[in-house]
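In this chain, numbering begins with 1 at the start of the sequence shown. Remember, predicted model here, so these are calculated numbers, not experimental data.
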Amino acid sequence: MATAAEWIEGARPRTLPNAIAPVLAGTGAAASLDGAVWWKAALALLVSLALIVGVNYANDYSDGIRGTDDERVGPLRLVGSKLASPKAVRTAAVLSLAIGAVAGLVLAVTTAWWLVLIGAVCLAGAWFYTGGSKPYGYSGFGEIAVFVFFGLIAVLGTQYVQALRVDWVGLLLAIGVGAFSSAVLVANNLRDIPTDTESGKVTLAVKLGDARTRTLHVVLLAAPFVISLALIASTPWALAGLLALPLAIRANAPVRTGKGGLELIPALRDSGLALLAWSALSALAVGLVG
């Protein structure tokens with residue numbers, strides 16, 4: 001039976017920046033419209049955290065029962081390591097997603113009912129990433145999904161529930177957050193190319209191959225800093241986002257130097273830290289405008 005610490009590790013806490021960053025960015029974008037509502041920001045954060053923990057447990061369950069994690073190199077997987085039963089991990093995934101659904105429903109009721117449809121799409125995206133008979137994460141669409149769900153939808157959704165509208169500042173922040181979030185997954189899938197190829201999991205990294213996946217990682221990490229320059233049109237304080245550049249350079253170091261396997265884990269960690277730093281700095285900068 002898995003210990004509490006192993007359940008926490010199975011939730012993959014290193015991915016939590018992917019949940020926190022879009023809420024920071026979306027709240028900053030709302031503040032730039034003089035529309036920040038802090039209790040709604042807190043609920044949006046709960047939704048985001050619950051969804052990412054839910055999708056992590058759902059992936060653990062789905063990959064585990066398929067045998068994809070039997071020879072896993074990366075972080076602990078509960079089902080694959082046989083520390084927890086598939087039923088227990090599936091239940092944890094469902095409970096996490098349910099918490100996100102309830103918090104999201106409160107936001108919808110207090111903002112706009114059509115947000116329920118967006119929430120339903122997000123829940124389906126979380127489950128069918130590796131779940132179901134034809135998981136889209138096994139067909140090379142994982143990075144696109146992360147960009148859409150934890151970039152565009154999460155940032156613009158957070159801005160909308162607070163300010164009741166979105167604007168170009170929110171859109172640029174959403175693109176930057178989405179690029180960073182996708183970079184985290186690219187680093188993860190780069191590490192797993194050998195095992196994913198063997199198990200038949202056709203990620204984007206498997207399709208692109210090692211060299212082009214490494215190039216994609218640096219492009220995705222560079223994109224948010226180009227956006228920082230574009231955001232000068234809103235406020236010169238947007239240049240503060242460039243302070244996260246050293247973290248992005250460090251995140252890319254294991255990738256550009258040809259590291260593989262466990263040596264790529266720092267790339268995941270530092271990509272997430274760069275995402276969090278850029279989002280916080282950029283949110284603060286654009287929020288000063290409001």
Side-chain angles (χ1 to χ4, degrees), residues 11-30 41 43-59 93 96-97 99-101 103-104 107 115 118-131 135-137 140-162 166 170-189 203-205 216-217 219-221 223-224 227 241 244 248 251 267-280 282-283:
R12 303 187 71 183
R14 286 179 179 173
T15 64
L16 295 185
N18 295 64
I20 298 169
V23 178
L24 290 175
T27 300
L43 270 181
L45 180 60
L46 178 58
V47 171
S48 192
L49 288 170
L51 285 180
I52 203 162
V53 170
V55 76
N56 286 339
Y57 281 138
N59 292 348
S96 298
L97 295 176
I99 291 170
L107 283 174
L115 291 172
I118 302 297
V121 170
C122 291
L123 289 172
W127 185 260
F128 291 108
Y129 174 58
T130 55
Y136 64 86
F141 295 108
E143 284 79 2
I144 294 174
V146 166
F147 182 84
V148 171
F149 290 120
F150 287 99
L152 300 182
I153 292 178
V155 175
L156 294 176
T158 299
Q159 183 184 24
Y160 183 82
V161 296
Q162 296 179 66
V166 298
L171 178 60
L172 287 184
L173 289 173
I175 293 171
V177 170
F180 263 128
S181 293
S182 296
V184 175
L185 184 57
V186 165
N188 179 80
N189 289 343
T203 63
L204 181 61
L216 177 60
H217 188 256
V219 170
L220 289 170
L221 288 180
I227 288 172
L268 278 75
R269 177 198 64 209
D270 293 338
S271 294
L273 291 175
L275 160 64
L276 197 57
W278 183 85
S279 300
S282 299

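- Closest approach of Val184 and Ser271 over heavy atoms only: CG2-CB, 3.7 Å.
- Remark: the backbone N or O of Ala25 is not paired with any side-chain donor or acceptor of Ser279 at under 3.5 angstrom.
- Across Leu123 and Ala101, no two heavy atoms sit closer than the pair CD1-CB, 3.9 Å.
- In this structure the side chain of Leu275 reaches within 4.5 angstrom of the side chain of Asn18, judged on heavy atoms.
- With rounding to the nearest 0.5 Å, the separation of CG in Asn189 from OG in Ser182 is 10.5 Å.
- Between Val177 and Leu24 there is no side-chain heavy-atom pair separated by less than 4.5 Å.
- Residues Asn188 and Arg12 have side chains that bring a donor and an acceptor to within less than 3.5 angstrom of each other.
- Contact detail for Ala29 and Gln159: the closest heavy-atom pair is O-NE2, 3.3 Å.
- When all heavy atoms of Ala11 and Val53 are compared, the pair lying nearest together is CB-CG1, 4.1 Å.
- In this structure, CZ in Phe150 is found 8.0 Å from OG1 in Thr15, a value given to the nearest 0.5 Å.
- Residue Leu43 is tested with Val23, Thr158, Leu107 for a side chain to side chain contact (heavy atoms under 4.5 Å, CB included); the sole match is Leu107.
- Using a 4.5 Å heavy-atom threshold, the side chains of Leu220 and Phe180 count as separate.
- Residues Val155 and Leu171 form no side-chain contact, since every pair of their non-hydrogen atoms from C-beta on lies 4.5 Å or further apart.
- Inter-residue side-chain proximity for Leu204 and Leu216 is flagged as met; some heavy-atom pair is nearer than 4.5 Å.
- Within a 6.0 Å sphere centred on CZ of Arg14, heavy atoms belonging to other residues, nucleotides or ligands number 12 at most.
- Pro13 approaches Pro17 most closely through the heavy-atom pair O-CD, 4.0 Å.
- Considering only heavy atoms from C-beta on, Ile227 stays 4.5 Å or farther from Leu173 through its side chain.
- Considering Tyr129, Trp127, Phe128, Phe141 in turn, Tyr129 is the only one that fulfils the ring-ring contact (aromatic ring centres under 6.0 Å, His included) rule with Tyr136.
- Just one residue in the list Val121, Ile52, Ile144 forms a side chain to side chain contact (heavy atoms under 4.5 Å, CB included) with Phe149, and that residue is Val121.
- In terms of heavy-atom proximity, Ala58 sits nearest to Ala126 at CB-O, 4.4 Å.
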